[in-house]
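One structure is given here, and the rest of the page talks about it.
In this chain, residues are counted from 1 in sequence order.
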Amino acid sequence: MGEFVRVEAADGVATIRLDRPKMNALNRQVQLEIAECARQVDADDDVYAVVLYGGNVFAAGADIKEMAGMSYADMAAHSRVLQDCFTAVARIGKPVVAAVTGYALGGGCELALCADVRIAGESAKLGQPEILLGIIPGAGGTQRLPRLVGPARAKDLIFTGRHVPAAEALAIGLVDRVVPDEDVYPEALAYAARFAGGPALALRAAKKAVDTGLETDLDTGLEIERLQFSGLFATDDAGIGMRAFSERSKAEFTGR
């Protein structure tokens, strides 16, 4: 349990909760705490899905005051730590939902990009405004954003640094659902709860196949899929699921 980031778990769903008033600025300590929470929920067999949530503000971005004092040498070292912390979230082997309220800017947007699904409030704003500081995104924005919305739209957001309202974010695929602000977290929890008690190994394999396959050519991606698919036939869950189908009963997966 960190000072600014904590895990709240119930009924198979864990929330990684950011709580650094008042805008959840992502300084080095917060980044490290996010990574530690990500590793914790990934290793917890009682957690089937994860929600990222920041309260009234998802995360307004990096701590500019902290960054302003860094030299090239400082940032050359820290940028690897920064990316590794966010990558820890992207590599959680379970469905991850970002519940985006208020602002998700800069590092906040990059953190949301690490989730599998993004649910945003009607008044939420997302963006990569680093260019307005004379820099570029450094926690995955130039890589994950174009993979999600395409290179032209990603360049528009990165080049201009503009804030994208929720409706436009939905239209371009930056978020997957827009709901009233007060419904964001309940909707995210409800979505994540669908996976509680589910086939955890199959979900992990599906996420691995999609994410890894996106980084390679089609033939290699198909081979990744084949290996993940075949490997699941060595699990108890596959037998449980197929027997339940044959018997027209509800599968009671064990995660083994």
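Atom-to-atom distance recorded for L174:CG and L157:CG is 7.0 Å, nearest 0.5 angstrom. Within the model, atoms CG of D217 and CD of E223 stand 11.0 Å from one another, a figure rounded to the nearest 0.5 Å. Put simply, CD1 on I224 and CG on D211 are 10.5 Å apart, with the number rounded to the nearest 0.5 Å. Rounding to the nearest 0.5 angstrom, the gap separating the CZ atom in R144 from the CD atom in E110 is 8.5 Å. The distance from the CG atom of D42 to the SG atom of C37 is 12.5 Å, given to the nearest 0.5 Å. The line from CD of E130 to OG1 of T142 is 9.5 Å long, rounded to the nearest 0.5 Å.
Here the closest heavy-atom approach between residue A196 and residue G12 is recorded as CB-CA, 4.3 Å. A pairwise comparison of heavy atoms in G161 and L132 identifies O-CD1, 3.9 Å as the closest pair. Of all non-hydrogen atoms in G121 and A166, the two that sit nearest each other are O-CB, 3.2 Å. Of all the heavy atoms in P186 and E182, the pair that sits closest is CD-O, 3.6 Å. The two atoms that bring A192 and V51 nearest to each other are CB-CG2, 3.9 Å, heavy atoms only. The nearest pair of heavy atoms linking F229 to F233 is O-CD1, 3.3 Å.
Side chain of K207 to backbone of K94: a donor-acceptor contact under 3.5 angstrom is found. Under the 3.5 Å distance criterion, the side-chain polar atoms of N24 are matched with a main-chain donor or acceptor of V57. The backbone N or O of L232 lies less than 3.5 Å from a partner atom in the side chain of T235, making a donor-acceptor pair. Judged by distance alone, the side chain of Q128 and the main-chain N or O of P137 form no donor-acceptor pair under 3.5 Å. At least one donor-acceptor pair closer than 3.5 Å links the side chain of D237 to the backbone N or O of G255. Formation of a donor-acceptor pair under 3.5 Å by the R147 side chain with backbone atoms of Q143 is found in this model.
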Exercise for review: Evaluate the criterion side chain to side chain contact (heavy atoms under 4.5 Å, CB included) for residue pair V178 and R118; output intermediate values, then yes/no.
Suggested key: CA-CA 9 Å; V178 175; R118 283 153 291 280; over 6 Å; no

Practice item. Applying side chain to side chain contact (heavy atoms under 4.5 Å, CB included), run through I240 and R243 and close with a yes or a no. Key: CA-CA 5 Å; I240 291 169; R243 281 194 301 273; 3.6 Å; yes

Practice item. Verify side chain to side chain contact (heavy atoms under 4.5 Å, CB included) between R28 and M70, making sure each step is shown before the conclusion. Key: CA-CA 12 Å; R28 181 185 178 93; M70 290 187 177; 5.8 Å; no

Exercise for review: Test side chain to side chain contact (heavy atoms under 4.5 Å, CB included) on V81 and L32 and set out the steps.
Suggested key: CA-CA 8 Å; V81 174; L32 292 171; 3.8 Å; yes

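Grouping the Ile, Leu, Val, Met, Phe, Trp and Tyr side chains by contacts below 4.5 angstrom, directly or via other members, places F58 with F86. Note on L113 and L105: separate hydrophobic clusters, where clusters join Ile, Leu, Val, Met, Phe, Trp and Tyr whose side-chain heavy atoms are under 4.5 Å apart, directly or indirectly. Under the 4.5 Å side-chain heavy-atom criterion for Ile, Leu, Val, Met, Phe, Trp and Tyr, V96 and V47 are members of the same hydrophobic cluster. By the rule that hydrophobic residues join a cluster once side-chain heavy atoms approach within less than 4.5 Å of another member, V30 and M67 end up as members of separate clusters. By the rule that hydrophobic residues join a cluster once side-chain heavy atoms approach within less than 4.5 Å of another member, L126 and I34 end up as members of one cluster.
The shortest distance between side-chain heavy atoms of M23 and Y103 falls below 4.5 Å. Between V184 and V100, every side-chain heavy-atom pair lies at or beyond the 4.5 Å cut-off. The closest side-chain heavy-atom distance from L203 to F195 is below 4.5 Å. In this structure the side chain of I119 reaches within 4.5 angstrom of the side chain of V97, judged on heavy atoms. T101 places none of its side-chain heavy atoms less than 4.5 Å from the side chain of N56. Under the 4.5 Å side-chain criterion, counting only non-hydrogen atoms from C-beta, V41 is in contact with V7. Using a 4.5 Å heavy-atom cutoff, the side chains of I158 and I131 are not in contact. Side-chain contact between E3 and R20 is absent, with no heavy atoms from C-beta onward closer than 4.5 Å.
Within 6.0 Å of the CZ atom in R162, the count of heavy atoms belonging to other residues, nucleotides or ligands exceeds 12. Residue D19 places its CG atom among more than 12 non-hydrogen atoms of other residues, nucleotides or ligands, all under 6.0 Å distant.
The closest side-chain donor-acceptor pair between S123 and D181 falls under 3.5 angstrom. At a cut-off of 3.5 Å, with distance as the only test, no side-chain donor of E36 or Q40 sits close to an acceptor on the other residue. In summary, the side chains of T87 and D84 do not present any donor paired with an acceptor at a separation below 3.5 Å, with no hydrogens or angles considered.
Note: Y185 and Y53 have parallel aromatic rings, judged against thresholds of 30 and 60 degrees for the angle between ring planes.
Each of V5, L82, L18 was checked for a side chain to side chain contact (heavy atoms under 4.5 Å, CB included) with L26, and the lone residue meeting it is L18.
Residues R6 and E33 are not paired through a salt bridge, judged by the lack of any N-O separation under 4.0 Å between the basic side chain and the carboxylate. With respect to R256 and D45, no salt bridge is recorded, no charged nitrogen being found less than 4.0 Å from a carboxylate O.
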